[in-house]
**Q** 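What follows is a single structure, and I will ask about it in a moment.
Numbering of residues begins at 1 and proceeds along the displayed sequence.
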Amino acid sequence: MAAELTVPQLSAKHRPTLDQALSAIRSRAYWSPHPEHPKAYGETAPADGLAAFEALRGTRFDLGQPGTDGWAGAEVSPYGPELGVEYPHVDPDVLLPAMKAGMGAWRDAGPEARALVCIEILARISARTHEFAHAVMHTSGQAFMMAFQAGGPHAQDRGLEAVAYAYEEQTRVPGQADWSKPQGKKDPLELGKTFTAVPRGIALMIGCNTFPTWNGYPGLFASLATGNPVLVKPHPRAVLPLALTVQVAREVLAEAGFDPNLVALAVERPGEGIAKDLAVRPEIKLIDYTGSTEFGDWLETNARQAQVYTEKAGVNTVVLDSTDNYKGMLANLAFSLSLYSGQMCTTPQNLLIPRDGIATDAGHKSYDEVVADLAASVGGLLGDDARANALLGALVNPDVKARLEAAAGLGEVALESREVANPEFPDAVVRTPVMVKLDAAKPDPEAPFLSECFGPVSFAVAVDSTQDALDLLRRTVREKGAMTVGAYTTSADTERALEEVCLEESAQLSLNLTGGVYVNQTAAFSDFHGSGGNPAANAALCDGAFVSNRFRVVEVRRQA
């Protein structure tokens, strides 16, 4: 296969980016090569991206991959329109052997060449960020700006971060070494040794509905950069962003002289549920999954031939003890609760507030006052429908709407949800968050705050004291997991106690956020998304552990 892209060309173009990424994961300082602002992509990029997205609607998305035995696809935008795109449905008995065929050459290319090819894939995706943004928006329900940023540059950052970790872990061992052991008066024992990073096998990436690229890219690029072919199985409601990703990856691989079947797409027919069948096939050696705890647990239990990386559900908690910036605390929490209608795995759910209230710079505030003021802050933030639409997006599926409506019956409603009209998309289901007052003192093993209620639902939980809040925090993280923990306190002792709980239970903690950084946002190259140490996820995005078990080092010894 003749290469149009050579390794020297890719190195000249992308080695500086790889080096900067490596530096960033070591320093944990802010860095991103992918612009967040839509205007950075050129004057015509917004119109070109929209036109490219519209041109995809109602088409057959042919990837030219082996094993295509039909067509599937039934995506309907959460904003109303049917996308009408058909994707290849595959016969795995044909596709999987074809994917394995290119592994040898991809393995032999080495860590640097693989990293550079992956960065070229990301660069081409970045150039089409506006097109991808519309694809993410109309499959996830994110508002456009969030789809643009989270589905575009932030997702690309996470993919590049995985490439950097993969390169670092694979090159930790030298490629070759001369070994000489002294034998006294005798000649030394001498061997020549080579060490090769060898891929595990085909990786299965099972995509999610809410963040198809942001959650999908770390596993996809971690597996590809470590030499493994990747079969992408999108969520049936969010195929298009990952289909576009697969298309770009196949084009770059072919141009670089590698088998394009190293990356392929597997789309299911309605109700087919192919993820379970694929997950237990002997060819599948790696699985990345984001979604429900139920299916994540099933994968961990049943896909025993594979190394499984899961991000599941958790109960995210904020402890309110005291604050020296009451107004800033309320504004920060209001935004966190509202962003993307709470449909983020990092959105706070439980707000633990001492029933005697908290000390603030605005005076002592009772439990009822804190809850009322937070409800008012959310209401003020979302009072204007245009701003509400820009923050909330649309509810991603009917299950979220059903949970939202049921939540009002779980306790006293402190903040009622309201419908928001979207003039541009009249069929969009847009709802503001609901906040429900609950009491932790009432012993109930089925209390709503002890389980995740995914969507724009939060519980203002009255506790007897900050110590009781810490005890409840520890219990929920240990039993249910948490992707994020937030806290507000002016007490050094309480801060230390919070840190101790989170260190012992492996939960990521954000303290006293009152500005433009929110507990439900994480920055690639610096923040760890999840820890892998509690039931919410068995891996972190990204760290060395996320990539190091995707390959093995095989040694060859030769007599010198």
**Q** Let's go through Thr44 and Asp48 carefully: what are the C-alpha distance in whole Å and the side-chain angles of both, what is the deciding distance for side-chain hydrogen bond (donor to acceptor under 3.5 Å, both in side chains) to 0.1 Å, and is it a yes or a no?
**A** CA-CA 6 Å; Thr44 65; Asp48 293 343; 2.8 Å; yes
**Q** Donor-acceptor pair, distance only, cut-off 3.5 Å: does the side chain of Ser338 make one with the backbone of Phe335?
**A** no
**Q** Between Ala408 and Val413, which heavy-atom pair has the shortest distance, and what is it?
**A** O-CG2, 3.5 Å
**Q** Between Asp288 and Met205 (side chain of the first, backbone of the second, donor and acceptor by atom type, cut-off under 3.5 Å), is there such a pair?
**A** no
**Q** Kindly give the heavy-atom pair with the smallest separation between Ala421 and Asp385, and that separation in Å.
**A** N-OD2, 4.3 Å
**Q** Using the test salt bridge (Lys or Arg N to Asp or Glu O under 4.0 Å), find all partners of Glu504 that sit at least two apart in sequence or belong to another chain.
**A** Arg474
**Q** Taking atom types as modelled, find out whether Arg158 and Thr522 have a side-chain donor-acceptor pair closer than 3.5 angstrom.
**A** yes
**Q** Using atom types as modelled and distance alone, determine if a side-chain donor or acceptor of Asn512 lies under 3.5 Å from a backbone N or O of Thr323.
**A** no
**Q** Step through the shown structure and confirm whether more than 12 heavy atoms of other residues, nucleotides or ligands are within 6.0 Å of CD on Glu416.
**A** no
**Q** Using side chain to side chain contact (heavy atoms under 4.5 Å, CB included) as the criterion, list what pairs up with Ser531, not counting sequence neighbours.
**A** Ser506, Gln508, Asn534
**Q** Please set out all donor-acceptor pairs under 3.5 angstrom arising from side-chain atoms of residues 211-222, sequence neighbours excluded.
**A**
| residue | atom | partner | partner atom | Å |
| --- | --- | --- | --- | --- |
| Thr213 | OG1 | Gly151 | O | 2.9 |
| Asn215 | ND2 | Glu311 | OE1 | 3.1 |
| Tyr217 | OH | Thr245 | OG1 | 2.7 |

**Q** Measuring from atom CD1 of Ile353 to atom CG of Leu374, what distance do you get when rounded to the nearest 0.5 angstrom?
**A** 7.0 Å
**Q** Sub-3.5 Å donor-acceptor pair from the side chain of Asp157 to the main-chain atoms of Leu160, do we have one?
**A** no
**Q** Can you list the residues that meet the side chain to side chain contact (heavy atoms under 4.5 Å, CB included) rule with Asn538, with sequence neighbours excluded?
**A** Glu300, Tyr309, Thr310
**Q** Apply ring-ring contact (aromatic ring centres under 6.0 Å, His included) to Phe449 and list each qualifying residue two or more places apart in sequence or on a separate chain.
**A** none
**Q** Partners of Pro38 by side chain to side chain contact (heavy atoms under 4.5 Å, CB included), sequence neighbours excluded?
**A** His130, Met145, Phe148
**Q** Apply the test side chain to side chain contact (heavy atoms under 4.5 Å, CB included) to residues Lys233 and Ile206: give CA-CA distance (whole Å), side-chain angles for both, the deciding distance (0.1 Å), then the verdict.
**A** CA-CA 5 Å; Lys233 205 300 290 183; Ile206 304 173; 4.2 Å; yes
**Q** To the nearest 0.5 angstrom, please state how far the CG atom of Leu513 sits from the CG atom of Asn332.
**A** 5.5 Å
**Q** So, does Thr489 use its side chain to make a donor-acceptor pair with the main chain of Asp321 at under 3.5 Å?
**A** no
**Q** For Leu56 versus Val85, what's the shortest heavy-atom pair and its separation?
**A** O-CG2, 3.4 Å
**Q** Do the side chains of Leu382 and Pro433 get nearer than 4.5 Å, heavy atoms only?
**A** yes
**Q** Rounded to the nearest 0.5 Å, what separation is found between the OG1 atom of Thr347 and the CD atom of Gln521?
**A** 10.0 Å
**Q** Who passes side chain to side chain donor-acceptor pair (under 3.5 Å) against His154, sequence neighbours left out?
**A** Glu36
**Q** Not counting sequence neighbours, which residues clear salt bridge (Lys or Arg N to Asp or Glu O under 4.0 Å) with Glu82? List them please.
**A** none
**Q** Tyr87: which residues meet the ring-ring contact (aromatic ring centres under 6.0 Å, His included) condition with it, sequence neighbours left out?
**A** Phe61
**Q** Checking Phe295 now: which residues fulfil ring-ring contact (aromatic ring centres under 6.0 Å, His included) with it, not counting sequence neighbours?
**A** Tyr289, Trp298
**Q** Given side chain to side chain contact (heavy atoms under 4.5 Å, CB included), test Leu472 with Asp468 step by step and report yes or no.
**A** CA-CA 6 Å; Leu472 181 54; Asp468 286 327; over 6 Å; no
**Q** Check side chain to side chain donor-acceptor pair (under 3.5 Å) between Lys365 and all other residues, then give those that pass, not counting sequence neighbours.
**A** none
**Q** Start with the C-alpha gap between Thr139 and Val239, add the side-chain angles, then the distance that decides, and say whether side chain to side chain contact (heavy atoms under 4.5 Å, CB included) holds.
**A** CA-CA 8 Å; Thr139 52; Val239 179; over 6 Å; no
**Q** Do Ser451 and Lys480 come within less than 4.5 Å of each other through their side chains, counting heavy atoms only?
**A** yes
**Q** If you take all heavy atoms of Leu204 and Ala275, which pair is closest and at what distance?
**A** CD2-O, 4.4 Å
**Q** Please report the interatomic distance OG1(Thr466) to CG(Asp356), rounded to the nearest 0.5 Å.
**A** 10.0 Å
**Q** Any side-chain to backbone donor/acceptor pair from Asn316 onto Cys345? Under 3.5 Å, distance only.
**A** yes
**Q** When rounded to the nearest 0.5 angstrom, what distance separates OG1 in Thr490 from CG in Asp361?
**A** 10.0 Å
**Q** I'd like to know if the side chain of Tyr340 pairs up with that of Asn520 as donor and acceptor (distance under 3.5 Å, no hydrogens or angles considered).
**A** no
**Q** For Val371 versus Ala460, what's the shortest heavy-atom pair and its separation?
**A** CG2-CB, 3.7 Å
**Q** Measure from the side-chain N and O atoms of Gln349 to the backbone N and O of Val457, and report whether any donor-acceptor pair falls under 3.5 Å.
**A** no
**Q** Do Tyr488 and Ile358 come within less than 4.5 Å of each other through their side chains, counting heavy atoms only?
**A** no
**Q** Is a side-chain donor or acceptor of Arg403 paired with a backbone partner of Phe454 at a separation under 3.5 angstrom?
**A** yes
**Q** Is a salt bridge present between Glu75 and Arg237, judged by a nitrogen-to-oxygen distance below 4.0 Å?
**A** no
**Q** Any chance you could measure Leu244, atom CG, to His134, atom NE2, to the nearest 0.5 Å?
**A** 12.5 Å
**Q** Between Thr293 and Glu452, does a side-chain hydrogen bond (donor to acceptor under 3.5 Å, both in side chains) hold up when you go through it step by step?
**A** CA-CA 10 Å; Thr293 295; Glu452 185 193 44; 5.9 Å; no
**Q** Please name the pair of heavy atoms, one in Val485 and one in Ala507, separated by the smallest distance, quoted to 0.1 Å.
**A** CG2-CB, 3.8 Å
**Q** Please answer whether the main-chain N or O of Phe525 pairs with a side-chain N or O of Glu161 as donor and acceptor at a distance below 3.5 Å.
**A** yes
**Q** Scan residues 380-436 for pairs that pass ring pair (Phe, Tyr, Trp, His ring centres under 6.0 Å), counting only residues two or more places apart or in two chains.
**A** Tyr79-Phe425, His138-Phe425
**Q** Check the pair Lys276 / Asn302 against side chain to side chain contact (heavy atoms under 4.5 Å, CB included), numbers first and verdict last.
**A** CA-CA 9 Å; Lys276 277 191 173 183; Asn302 293 280; over 6 Å; no
**Q** Measure the shortest side-chain to side-chain distance between Asn350 and Val315 over non-hydrogen atoms and say whether it is less than 4.5 angstrom.
**A** yes
**Q** So do Tyr30 and Ser526 actually touch side chain to side chain, heavy atoms under 4.5 Å?
**A** no
**Q** With a 3.5 Å distance limit and no angle check, can you tell me whether Ser341 reaches the backbone of Gln343 through a side-chain donor-acceptor pair?
**A** no
